[in-house]
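Read the structure below first, then the notes.
By convention in this document, chain letters (A, B, ...) are assigned in the order of the sequence lines, proteins followed by strands, and residues within each chain are numbered from 1. Here the structure is a predicted model, which is why all the values come from computation and not from measurement.
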Amino acid sequence: MLIKDVLTNVPIGTAVEVAGWVRTVRNHKGKNPLSFITVNDGSCFSTLQVVATPTLPNYETEVVHLTTGCSIIVKGKLVESPGAGQPVEVQADEVHVVGWCDPENYPIQPKRHSFEFLRTQAHLRPRTNTFGAIARVRSTMSLAIHEFFQSRGFIYLHTPIITTSDCEGAGQMFRVTTLEPGQEDFEKDFFGCKTNLTVSGQLEAEAYACALGRVYTFGPTFRAENSNTPRHLAEFWMVEPEMAFCDLTDDADLAEEFLKYIFQTILERCREDMEFFNKWIDENVIERLENVVQSEFVRMSYTDAMEILKKANRDWQFPPEWGKDIQTEHERFLTEETFNKPVIITDYPASIKPFYMRVNDDGKTVAAMDVLVPKIGEIIGGSQREERLDVLISRMESLGMNPDDYWWYLDLRRYGTVPHAGFGLGFERTILFATGMSNIRDVIPFPRTPRWAEF
RNA sequence: UCCCCGGUAGCUCAAUUGGUAGAGCGGGCGGCUGUUAACCGCUAGGUUGUAGGUUCGAGUCCUACCCGGGGAGCCA
């Protein structure tokens, strides 16, 4: 029986059986000895208080020696709790110790640990309040993502992890090879050519969108960038919808609806976990999410955003200038100081965006859009794709790319081409925003970053 | 990769101008008539990240390296 159900669905007086890990133990040894054991099984944030007395045959031999981390199975009766901290508790008829936990060596103590320390104990940190809550929120968000797309007629697509295509501009790649170190003859390699871990499923998703209409991917992505920040991982999860017969405005509409849906979902379904984050991690996180769900996102062109930045009376480390990238300090100014909500920036200069984005009529900008949120910065990057064969080829050539390498991608424009658009959402960055956590290494179970692939 | 800050007990941290390394929590033992990260008493626990150097003397100063955090770049 899950503790989640015991605490919400089971009437007082019911015989229950729960299995979980001991969080804390309080023993009283006076004239009226008894023990309070709080147990968590991960099914919900709350613990269940178990009351054990010396009438248990193993009370002296086992129960009083329980410590944090022990695994137990408890049979007993659910009763109203006379104590103040919890409405109900279990009066134990049986406490079976499944696994002992040496308290001298067990790293997880019933106290506050630093996240830095817990990262070195990534196999045990899910037993803490914070990491249990993150795991449940992450799972609920994953389901919400599928619900959102499936209910709108999107087909869930699995794009390859090993690829030969280079989604230009998406960063450094991890080589996949069976060659011995030093060998450079790719014809002798496993695939007979140079292969990498994917940096994006977009190009393949476009192929399926140009057949099935609406598709989305949700899977791992790999970047070999030497990025050492609280917002970057070498292995992270990305959601990439792609829609045929769709322009940039439709794309931005989808992104806005999508974010609102997943935040709304965790506010509704992860109330207890969210209240924990709000109390201990970020005292404004619930209010911020509610604002996002209720408010309209700001939408403005890159050109207009540059005007706002230029008019701002402040010393920029990177002075804003048309044609240059929007820097982190600019993003924060827009999302945190100017609007204090998500901002969608559209129509970036072609010179700073990749080849596949559709060239606008002005010839200088492309139909790109980034969704920026307070604190985290960019969580979505997307665009309308260039569907005109001649424009796409000349764009590739001017960037020094060989169109022959992208023959199948160009076929999509040769045979029944169609306006289409899509975006990529960084899943972990979205969890950061949703939980108020500040380091991306704490919202994925086993993070991979430069010089760190333990566990 | 660059800039800044840090590394002391199992964990979280303290240690004056360079002068005998401490506390809280956790652990062990004892006490406590229902507790809430319980409380009270006693107790064990350290090659101060690594390797050099300066000094009568280094946790403290210098050099190099390793690891971590924050910021930047790259991006999601």
Side-chain angles (χ1 to χ4, degrees), chain A residues 23-38 46-54 65 67-69 79-86 89 91 101-121 128-129 167 169-173 199-202 220-240 255 280 317-318 325-329 331-332 352-354 370-373 376-382 423-433 438-442 444 449-452 454:
Chain A
R23 281 292 178 80
T24 59
V25 184
R26 294 178 291 278
N27 291 318
H28 292 256
K29 286 185 237 163
K31 291 178 197 159
N32 229 345
L34 79 171
S35 295
F36 298 95
I37 309 158
T38 56
S46 291
T47 51
L48 179 65
Q49 173 159 287
V50 173
V51 182
T53 64
H65 297 110
T67 54
T68 303
V79 297
E80 280 185 45
S81 176
Q86 58 286 314
E89 65 190 24
Q91 201 72 50
C101 183
D102 177 7
E104 293 218 52
N105 295 309
Y106 185 53
I108 309 296
Q109 299 168 4
K111 59 167 284 188
R112 206 181 170 92
H113 291 285
S114 68
F115 292 139
E116 292 84 356
F117 169 71
L118 290 171
R119 252 168 248 155
T120 70
Q121 308 293 327
T128 64
N129 281 334
C167 195
Q172 292 290 308
M173 294 185 286
V199 292
S200 166
Q202 180 199 317
T221 299
F222 307 88
R223 304 276 167 95
E225 263 6 347
N226 190 10
S227 298
N228 293 287
T229 87
R231 299 182 305 280
H232 287 86
L233 290 166
E235 176 182 298
F236 64 98
W237 285 62
M238 192 151 68
V239 179
E240 295 182 288
W280 295 102
Q317 195 192 337
F318 299 90
D325 267 319
I326 293 183
Q327 302 289 326
T328 299
E329 57 175 339
E331 294 178 354
R332 298 191 74 132
I352 57 171
K353 289 291 184 185
D370 286 356
V371 180
L372 312 178
V373 297
I376 317 294
E378 183 181 348
I379 60 171
I380 283 180
F423 63 77
L425 167 103
F427 187 48
E428 284 77 14
R429 287 189 182 176
T430 311
I431 301 173
L432 281 182
F433 185 74
S438 51
N439 194 311
I440 201 164
R441 294 161 203 191
D442 296 328
I444 188 167
T449 56
R451 298 182 306 280
W452 187 259
E454 185 80 56

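Below the 3.5 angstrom threshold, one finds a donor paired with an acceptor across the side chain of A:H232 and the base of B:C75. Counting distance only, with no hydrogens placed and no angle test, the side-chain atoms of A:R451 and the base atoms of B:C66 include no donor-acceptor pair under 3.5 Å. Judged by distance alone, with hydrogens and angles left aside, A:S227 brings no side-chain donor or acceptor close enough to the base of B:C75 to form a pair under 3.5 Å.
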Under-3.5 Å N/O pairs linking protein and nucleotides 28-34 of chain B:
unit_1, atom_1, unit_2, atom_2, d
B:C32, N4, A:K29, N, 3.0
B:U33, OP2, A:K31, N, 3.4
B:U33, O2, A:N32, ND2, 3.2
B:G34, OP1, A:H28, ND1, 3.1
B:G34, N1, A:E89, OE2, 2.8
B:G34, N2, A:E89, OE1, 2.4
B:G34, N2, A:E89, OE2, 2.6

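Residues A:Q49 and A:R26 bring a donor and an acceptor atom of their side chains to less than 3.5 Å of each other.
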Under the side chain to side chain donor-acceptor pair (under 3.5 Å) rule, what do A:R23 and A:N129 come out as? Steps first, then yes or no, please. CA-CA 10 Å; A:R23 281 292 178 80; A:N129 281 334; 2.8 Å; yes
Report the C-alpha separation of A:D370 and A:K353 in whole Å, then their side-chain angles, then the decisive distance to 0.1 Å, and conclude whether the salt bridge (charged side-chain N to carboxylate O under 4.0 Å, His left out) test is met. CA-CA 11 Å; A:D370 286 356; A:K353 289 291 184 185; 3.4 Å; yes
Let's go through A:T221 and A:E235 carefully: what are the C-alpha distance in whole Å and the side-chain angles of both, what is the deciding distance for side chain to side chain donor-acceptor pair (under 3.5 Å) to 0.1 Å, and is it a yes or a no? CA-CA 6 Å; A:T221 299; A:E235 176 182 298; over 6 Å; no
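Applying the side-chain hydrogen bond (donor to acceptor under 3.5 Å, both in side chains) test to pairs two or more places apart or on separate chains, those with a residue in residues 106-117 of chain A are A:Y106-A:R127.
Straight-line distance from the CD atom of A:E116 to the P atom of B:C67: 16 Å, rounded to whole Å. Summarising the geometry, the separation between NE2 on A:H113 and P on B:C13 is reported as 12 Å, rounded to the nearest angstrom. One atom, NZ of A:K353, and another, C1' of B:A76, lie 11 Å apart when rounded to the nearest Å. Atom CD of A:Q317 is separated from atom C1' of B:G73 by 10 Å (rounded to the nearest Å). When the C1' atom of B:A72 is taken as reference, atom CD of A:E329 falls 10 Å away, rounded to whole Å. Rounded to an integer number of Å, the gap from CZ of A:R112 to C1' of B:G24 is 16 Å. Remark: C1' of B:A76 and CD1 of A:I326 are 16 Å apart, rounded to the nearest angstrom. If you take CZ of A:R429 and P of B:C74, they are 12 Å apart, rounded to a whole angstrom.
No engagement by A:R23 is indicated, since no non-hydrogen atom pair under 4.0 Å with the nucleic acid exists. Note on A:R332: nothing from the nucleic acid sits closer than 4.0 angstrom, heavy atoms only. Across all strands, A:I380 comes closer than 4.0 Å only to sugar-phosphate atoms, never to a base (heavy-atom distances). Contacts of A:T430 with the nucleic acid, taken as non-hydrogen atoms under 4.0 Å apart, are absent. Residue contacts for A:P230: at a heavy-atom cut-off of 4.0 Å it reaches the sugar-phosphate backbone alone, with no base atom in range.
By the ring-ring contact (aromatic ring centres under 6.0 Å, His included) test, A:F318 is found to be paired with no residue, residues two or more places apart in sequence or in another chain being considered. Residues that satisfy the side chain to side chain contact (heavy atoms under 4.5 Å, CB included) test with A:D102, not counting sequence neighbours, are A:E104, A:N105. A:F236 pairs by the ring-ring contact (aromatic ring centres under 6.0 Å, His included) definition with nothing, not counting sequence neighbours.
Looking at RNA chain B, the stems built from 3 or more consecutive Watson-Crick or G-U wobble pairs, each pair with its key distances under 3.5 Å, are B:1-7 with B:66-72, B:10-13 with B:22-25, B:27-31 with B:39-43, B:49-53 with B:61-65.
For the P atoms, the distance linking B:G6 with B:G49 amounts to 13 Å, nearest Å. For the P atoms, the distance from B:U12 to B:G69 is 13 Å, rounded to whole Å. Only the C1' atoms considered, B:G7 is 16 Å distant from B:A51, to the nearest whole Å. If you take atom C1' in B:U55 and the same atom in B:G18, they sit 9 Å apart, rounded to whole Å. B:U8 and B:C3 have their P atoms separated by 24 Å, with the value rounded to a whole Å. Between B:A9 and B:A23, the distance separating the two C1' atoms is 11 Å to the nearest Å. Only the C1' atoms considered, B:G24 is 36 Å distant from B:U54, to the nearest whole Å. With both ends at atom C1', the span from B:G28 to B:A21 equals 23 Å, rounded to whole Å.
Contact annotation: A:R119 reaches the phosphate of B:G69 (side-chain N/O to OP1 or OP2, under 4.0 Å). Side-chain N/O atoms of A:N439 include one lying less than 4.0 angstrom from OP1 or OP2 on B:G70. The phosphate of B:U1 has OP1 or OP2 within less than 4.0 Å of a side-chain N or O from A:N226. Residue A:Q172 places no side-chain N or O under 4.0 Å from the OP1 or OP2 atom of B:C74. A:R26 has no side-chain polar atom (N or O) that falls below the 4.0 Å cut-off from OP1 or OP2 of B:A37. A close approach under 4.0 Å does not occur between any side-chain nitrogen or oxygen of A:T229 and OP1 or OP2 of B:C74.
Comparing B:G26, B:A76, B:A72 by their nearest atom to the side chain of A:T328 picks out B:A72. Nearest to the side chain of A:K111, among B:C74, B:G24, B:G68, sits B:G24. Side-chain proximity of A:N228 to the nucleotides B:C74, B:U36, B:U1 is greatest for B:U1.
Nearest heavy-atom pair, A:V371 versus A:A255, reported as atom, atom and distance to 0.1 Å: CG2-CB, 4.3 Å.
Here the rule is side-chain contact (heavy atoms from CB on, under 4.5 Å) with A:E89, and of A:V79, A:I37, A:V50, A:T38 only A:V79 fits it.
In this structure, the side chains of A:M238 and A:S200 come closer than 4.5 Å at one or more pairs of heavy atoms. Between A:T67 and A:V25 the shortest side-chain heavy-atom distance does not fall below 4.5 Å.
With the nearest nucleotide of RNA chain B identified for both A:L425 and A:F117, A:F117 has the one nearer the 5' end. Of the residues near RNA chain B, A:L233 and A:P450, the one whose nearest nucleotide (by heavy atom distance) lies more toward the 5' end is A:P450.
Between the A:R332 side chain and the A:G377 main chain, no donor and acceptor come within less than 3.5 Å of each other.
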